[in-house]
J.: 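Sharing a structure here in structure tokens format.
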Protein chains: 2
Amino acid sequence: MDFEQADAINQAIRLLSLRHRARASALLAPLGLHPGQEALLLELARTGPMIKAQLSEALGCEPPSVTLMTRKLEASGHIRFRAVPSDKRASVVELTDSGKALATQVKQLWCALAEETIAGLAPDTVASLPDTLNTMTANVDSRRRAK
Amino acid sequence: MDFEQADAINQAIRLLSLRHRARASALLAPLGLHPGQEALLLELARTGPMIKAQLSEALGCEPPSVTLMTRKLEASGHIRFRAVPSDKRASVVELTDSGKALATQVKQLWCALAEETIAGLAPDTVASLPDTLNTMTANVDSRRRAK
DNA sequence: CGCATAACATTATGCGCATAACTAAGTTTA
DNA sequence: TAAACTTAGTTATGCGCATAATGTTATGCG
């Protein structure tokens with residue numbers, strides 16, 4: 001592949017990352033959320049309470065990040081920790097009522113953001129989009145690569 | 001659009017961002033570069049010397065980010081600053097010889113990364129990929145939105 | 001059983017990027 | 001020409017995410 005084409009792809013991914021995140025940030029700000037936190041809430045809303053190690057796996061970020069994210073969401077009252085009797089190392093994370101309410105608001109924002117994002121794309125492009133993106137993600141996933 | 005579909009798209013973009021950046025970081029580390037810096041070097045290699053405000057525009061990031069990025073790249077000897085006689089506010093940024101050499105190395109890495117990224121995708125998907133991504137980027141670009 | 005190893009979590013630190021607030025220099029206009 | 005505005009850049013600060021190092025608990029095996 002020549003450099004022009006490679007750069008077009010890499011650059012496009014980089015810029016989409018920046019802009020999509022910035023837009024998410026702008027949409028989430030009124031809810032008092034920073035980007036990244038919404039993923040945690042949505043994951044808990046989807047799958048239910050889980051320990052931080054599972055959260056880390058589900059969100060695709062590292063354990064220290066989960067520690068900090070959950071700490072902030074706990075401070076704002078949206079999640080709560082619960083000890084696991086059978087394993088003193090672990091700590092279950094679950095949504096509070098406030099967190100559940102917030103998650104439903106986030107879902108609406110999420111739909112709006114996705115619609116905004118794909119505006120002007122051909123329907124079949126949109127249909128195959130998740131697959132395409134996930135393939136690329138798997139291709140560069142250094143997590144599974146290493147393990 | 002229903003939430004399932006919206007989440008699939010937003011989540012896929014978020015994960016691709018994380019992984020593509022992480023992979024870039026791993027590839028750039030041997031060159032002593034952190035992700036983001038390569039874009040600056042490539043931009044200077046492509047367009048030639050320019051002032052920081054232009055760099056900020058070209059890279060799609062904010063002026064304070066450019067201040068810090070250029071400071072670090074200057075410290076590692078890859079770029080250099082030059083005053084503009086006609087405008088005492090401005091400061092031109094240009095590649096040093098070391099920076100030029102590094103840029104050509106980055107170009108090779110960039111091609112490898114792009115090839116790795118698109119592995120397994122249909123050729124026509126790849127062909128339309130930059131356009132698709134750029135459309136999405138423009139759709140969520142809060143910069144132009146505001147102005 | 002006891003010990004090595006693995007798993008859960010945290011603290012410390014550093015980078016990229018953002019916004020807000022500011023200085024200094026150039027430009028427009030009344 | 002003095003005042004108002006714009007533009008280039010910096011400093012200060014904060015968040016998300018990463019890696020490295022550490023403490024603690026669970027577990028598998030000789």
Side-chain angles (χ1 to χ4, degrees), chain A residues 14-26 28-29 32-41 50-76 81-93 141-143 146-147, chain B residues 14-26 28-29 32-41 50-76 81-93 141-143 146-147:
Chain A
R14 175 176 176 273
L15 266 186
L16 177 59
S17 302
L18 283 175
R19 297 286 174 261
H20 188 263
R21 184 184 184 82
R23 185 71 185 130
S25 179
L28 291 169
L33 289 177
H34 291 275
Q37 303 184 328
E38 87 290 342
L40 202 158
L41 293 181
M50 64 182 81
I51 68 172
K52 291 175 186 172
Q54 291 173 310
L55 257 180
S56 163
E57 182 61 30
L59 297 180
C61 61
E62 300 299 319
S65 302
V66 173
T67 293
L68 296 178
M69 292 165 75
T70 53
R71 185 174 300 165
K72 281 165 190 170
L73 284 171
E74 188 206 17
S76 42
F81 299 129
R82 198 157 35 81
V84 180
S86 61
D87 190 339
K88 290 185 179 175
R89 297 167 306 179
S91 161
V92 168
V93 182
D141 190 342
S142 354
R143 285 193 148 191
K147 292 166 189 171
Chain B
R14 175 175 177 274
L15 267 185
L16 177 59
S17 302
L18 283 175
R19 298 285 173 262
H20 189 264
R21 184 184 185 81
R23 185 73 185 127
S25 178
L28 292 169
L33 289 176
H34 290 275
Q37 302 185 328
E38 88 289 342
L40 202 158
L41 293 181
M50 63 182 82
I51 69 172
K52 291 176 187 172
Q54 292 173 311
L55 257 180
S56 162
E57 183 61 30
L59 298 179
C61 59
E62 300 298 319
S65 302
V66 173
T67 293
L68 297 177
M69 293 164 76
T70 53
R71 186 173 300 165
K72 281 164 190 171
L73 284 170
E74 189 206 16
S76 42
F81 299 129
R82 199 159 33 82
V84 180
S86 62
D87 189 339
K88 291 186 179 176
R89 299 168 304 177
S91 161
V92 167
V93 182
D141 191 343
S142 355
R143 286 192 145 191
K147 294 166 191 173

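Naming convention: chains lettered A, B, ... in sequence-line order (proteins, then strands); numbering from 1 in each chain.
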J.: State the CZ-CZ distance between B/Phe81 and B/Arg71, to the nearest 0.5 angstrom.
T.: 8.0 Å

J.: Can you tell me how far the CD atom of A/Gln37 sits from the CG atom of A/Leu40, to the nearest 0.5 Å?
T.: 8.0 Å

J.: Please find the pair of heavy atoms, one from A/Arg21 and one from A/Pro35, that lie closest to each other, and give the distance.
T.: NH2-O, 3.6 Å

J.: To check you understand the geometry: which heavy-atom pair defines the closest contact between A/Glu38 and A/His34, and what is its length?
T.: OE1-O, 3.9 Å

J.: Using heavy atoms to find the nearest nucleotide of DNA chain D for A/Met69 and B/Val92 separately, return the residue whose nucleotide is more 5′.
T.: B/Val92

J.: I need the A/Leu28 CG to A/Arg23 CZ distance, nearest 0.5 Å.
T.: 10.5 Å

J.: When you measure from the side chain of B/Thr67, which nucleotide among D/dC17, D/dT10, C/dT10 comes out closest?
T.: D/dT10

J.: Please list, chain by chain and in numerical order, all residues satisfying salt bridge (charged side-chain N to carboxylate O under 4.0 Å, His left out) with A/Arg82, sequence neighbours excluded.
T.: A/Glu94

J.: Rounding to a whole Å, what distance do you find between A/Arg19:CZ and C/dC17:P?
T.: 11 Å

J.: Taking CG from B/Leu68 and C1' from C/dT19, how many angstroms apart are they, rounded to a whole number?
T.: 13 Å

J.: Do the side-chain N or O atoms of A/Ser65 get closer than 4.0 angstrom to the phosphate oxygens (OP1, OP2) of D/dG16?
T.: no

J.: In whole angstrom, what separates B/Gln54's CD from D/dT7's P?
T.: 14 Å

J.: Looking at D/dA18, I'd like to know if its phosphate oxygens (OP1 or OP2) sit under 4.0 Å from a side-chain N or O belonging to B/Arg23.
T.: no

J.: Of the non-hydrogen atoms in B/Gly60 and A/Leu15, which two are nearest, and what is the gap between them?
T.: CA-CD2, 4.4 Å

J.: Taking the minimum atom-to-atom distance to the side chain of A/Lys72, which one of C/dA18, D/dC17, D/dG16 wins?
T.: D/dG16

J.: Is the phosphate of C/dT11, meaning OP1 or OP2, less than 4.0 Å from a side-chain N or O of A/Arg71?
T.: yes

J.: Looking only at the side chain of A/Arg21 (C-beta and beyond, no hydrogens), which of the listed nucleotides D/dT10, C/dA9, D/dG16 gets closest?
T.: D/dG16

J.: I need the residues from residues 32-40 of chain A with at least one non-hydrogen atom less than 4.0 Å from DNA chain C; give them sorted by number, or say none.
T.: none

J.: Whole angstrom is fine here: how far is it from NE2 in B/His20 over to P in D/dA18?
T.: 16 Å

J.: How many angstroms lie between atom CG of B/Leu16 and atom CG of A/Asp141, to the nearest 0.5 angstrom?
T.: 11.0 Å

J.: Encode nucleotides 20-26 of chain D as B, S and - characters from 5' to 3', where the letter depends on protein heavy atoms closer than 4.0 Å: B to the base, S only to sugar-phosphate, - to neither.
T.: B----BS

J.: Both distances under 3.5 Å, Watson-Crick or G-U wobble: report the partner of D/dC15, or none.
T.: C/dG16

J.: Specify the separation, in whole Å, of atom CG of A/Leu55 and atom C1' of D/dC17.
T.: 15 Å

J.: Check the distance between D/dA8's C1' and B/Met50's CE and give it to me in whole angstrom.
T.: 16 Å

J.: Within the structure shown, what part of the strands sits under 4.0 Å from A/Ser91 by heavy-atom distance: base, sugar-phosphate, or nothing?
T.: sugar-phosphate

J.: Separation of A/Leu18 atom CG from D/dC15 atom C1', in whole Å?
T.: 15 Å

J.: Nearest 0.5 Å please: distance from the CD atom of B/Glu57 over to the CD1 atom of B/Ile51.
T.: 11.5 Å

J.: Could you tell me how far apart B/Ile51 (CD1) and D/dT10 (C1') are, to the nearest whole angstrom?
T.: 15 Å

J.: Side chain of B/Glu62 only, heavy atoms from C-beta on: which candidate in D/dC17, C/dA18, C/dT10 is closest?
T.: C/dA18

J.: Looking at every heavy atom in both B/Cys61 and B/Val66, which two are closest together, and how far apart are they?
T.: SG-CG2, 4.1 Å

